[in-house]
Student: 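Handing you a structure now.
All values below were derived from every heavy atom in this structure, side-chain atoms included, with hydrogens, water molecules and symmetry-related copies excluded.
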Amino acid sequence: MKKLAILSGIFLFACNATSKLDNSDFSVILQGEYGGKDEKTHELITNNNDFINAIESFPITEEDLSKLISIDFSQQNVIIIHAGQKNNGGYSITIDRAEVIKNDLVIYVKESGPKKGENVTMALTNPYCLATIPKTKKVIVK
């Protein structure tokens, strides 16, 4: 009986564990200042059809296209993180790190803006970041 209690405790502890993902578990494959959504939001893409619809507004080069067509939706999902509309250039958004907490994939986002006095484009921008992530049912963006 004592062994069963110990094994149950180990199992429960293992289920609540946090594990950090390394950079090979997720990969930023496209990011830019133009083409994102006007609102600060994110989209989890789980299939090719939704993916094609989601990237229509992004300016895509030939080099980008080769990365985009190599995504295997049976093994991974895509997350698109939008920073929202900005009044000028110099803003960006990217994934800082990711970790699994209680079977949820938690993605930590890093936003940056222009430095004080820096010359920037005087146009509305919509920064975004598109990355492949491991298959998961729930994604939390922080």
Student: Check side-chain hydrogen bond (donor to acceptor under 3.5 Å, both in side chains) between Q76 and all other residues, then give those that pass, not counting sequence neighbours.
Tutor: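 With sequence neighbours excluded, Q76 shows a side-chain hydrogen bond (donor to acceptor under 3.5 Å, both in side chains) to T132, given in chain and number order.
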Student: K135: which residues meet the salt bridge (charged side-chain N to carboxylate O under 4.0 Å, His left out) condition with it, sequence neighbours left out?
Tutor: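 Not a single residue meets the salt bridge (charged side-chain N to carboxylate O under 4.0 Å, His left out) criterion with K135.
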Student: So, for E111 and A83, which heavy atoms are closest and what is the spacing to 0.1 Å?
Tutor: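 What the structure gives for the nearest pair is OE1-CB, 3.8 Å.
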Student: List for me each residue that meets side-chain hydrogen bond (donor to acceptor under 3.5 Å, both in side chains) alongside N87, sequence neighbours excluded, and say none if there are none.
Tutor: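 By the side-chain hydrogen bond (donor to acceptor under 3.5 Å, both in side chains) rule, N87 matches no residue at all.
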Student: Could you pull out all residues at least two apart from K110 that satisfy side chain to side chain contact (heavy atoms under 4.5 Å, CB included)?
Tutor: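 K110: side chain to side chain contact (heavy atoms under 4.5 Å, CB included) contacts with T94, D96.
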Student: Quick one: hydrophobic cluster around I71, which other residues, with the 4.5 Å side-chain cut-off, linked directly or via members?
Tutor: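 The other cluster members (ILVMFWY side chains, heavy atoms under 4.5 Å, direct or chained) are I29, L30, I45, F51, I55, F58, I60, L65, L68, I69, F73, V78, I80, Y128, L130.
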Student: Side chain to side chain contact (heavy atoms under 4.5 Å, CB included) with K142: which residues, sequence neighbours excluded?
Tutor: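 Result, side chain to side chain contact (heavy atoms under 4.5 Å, CB included) vs K142: V106, Y108, I140.
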Student: Identify the heavy atoms of P127 and S92 that sit nearest to each other, and give their distance.
Tutor: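 Result for this residue pair: CB-CA, 4.2 Å.
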Student: For P114 versus G89, what's the shortest heavy-atom pair and its separation?
Tutor: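 Minimum heavy-atom contact is CG-O, 3.8 Å.
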Student: Walk me through it: do H42 and I79 pass the test side-chain contact (heavy atoms from CB on, under 4.5 Å)?
Tutor: CA-CA 7 Å; H42 68 276; I79 188 152; 4.0 Å; yes
Student: Quick one: list whatever passes side chain to side chain contact (heavy atoms under 4.5 Å, CB included) with T136, sequence neighbours left out.
Tutor: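 Partners of T136 under the side chain to side chain contact (heavy atoms under 4.5 Å, CB included) test: L105, V139.
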Student: Which pairs count as side-chain hydrogen bond (donor to acceptor under 3.5 Å, both in side chains) when at least one residue sits in residues 117-127, sequence neighbours excluded?
Tutor: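 Every side-chain hydrogen bond (donor to acceptor under 3.5 Å, both in side chains) pair that includes a residue of residues 117-127, provided the two are not neighbours, is D38-N126.
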Student: Got a sec, which residues hit side chain to side chain contact (heavy atoms under 4.5 Å, CB included) with K116, two or more places apart in sequence or on another chain?
Tutor: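 With neighbours one apart ignored, the set is empty.
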Student: With sequence neighbours left out, which residue pairs that include part of residues 47-61 fulfil the side-chain hydrogen bond (donor to acceptor under 3.5 Å, both in side chains) condition?
Tutor: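 Non-adjacent pairs meeting side-chain hydrogen bond (donor to acceptor under 3.5 Å, both in side chains): N47-D50, T61-D64.
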Student: With sequence neighbours excluded, what pairs up with H82 under the side-chain hydrogen bond (donor to acceptor under 3.5 Å, both in side chains) test?
Tutor: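 Expected list: E43.
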Student: Checking S70 now: which residues fulfil side-chain hydrogen bond (donor to acceptor under 3.5 Å, both in side chains) with it, not counting sequence neighbours?
Tutor: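 Residues passing side-chain hydrogen bond (donor to acceptor under 3.5 Å, both in side chains) with S70: none at all.
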Student: What is the distance from atom NZ of K137 to atom CG of N103, rounded to the nearest 0.5 Å?
Tutor: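 Here the rounded value is 10.0 Å.
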Student: Measuring only between side-chain heavy atoms, which start at C-beta, is L44 closer than 4.5 Å to I133?
Tutor: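 The answer is yes, as the side chains (C-beta and beyond) meet within the 4.5 Å cut-off.
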Student: L124 and Y34: which non-hydrogen atoms are nearest, and at how many Å?
Tutor: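 Of all heavy-atom pairs spanning L124 and Y34, the closest is O-CE2, 3.6 Å.
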Student: What is the minimum heavy-atom distance between A131 and I95, and which atoms define it?
Tutor: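 Closest approach of A131 to I95: CB-CD1, 3.5 Å.
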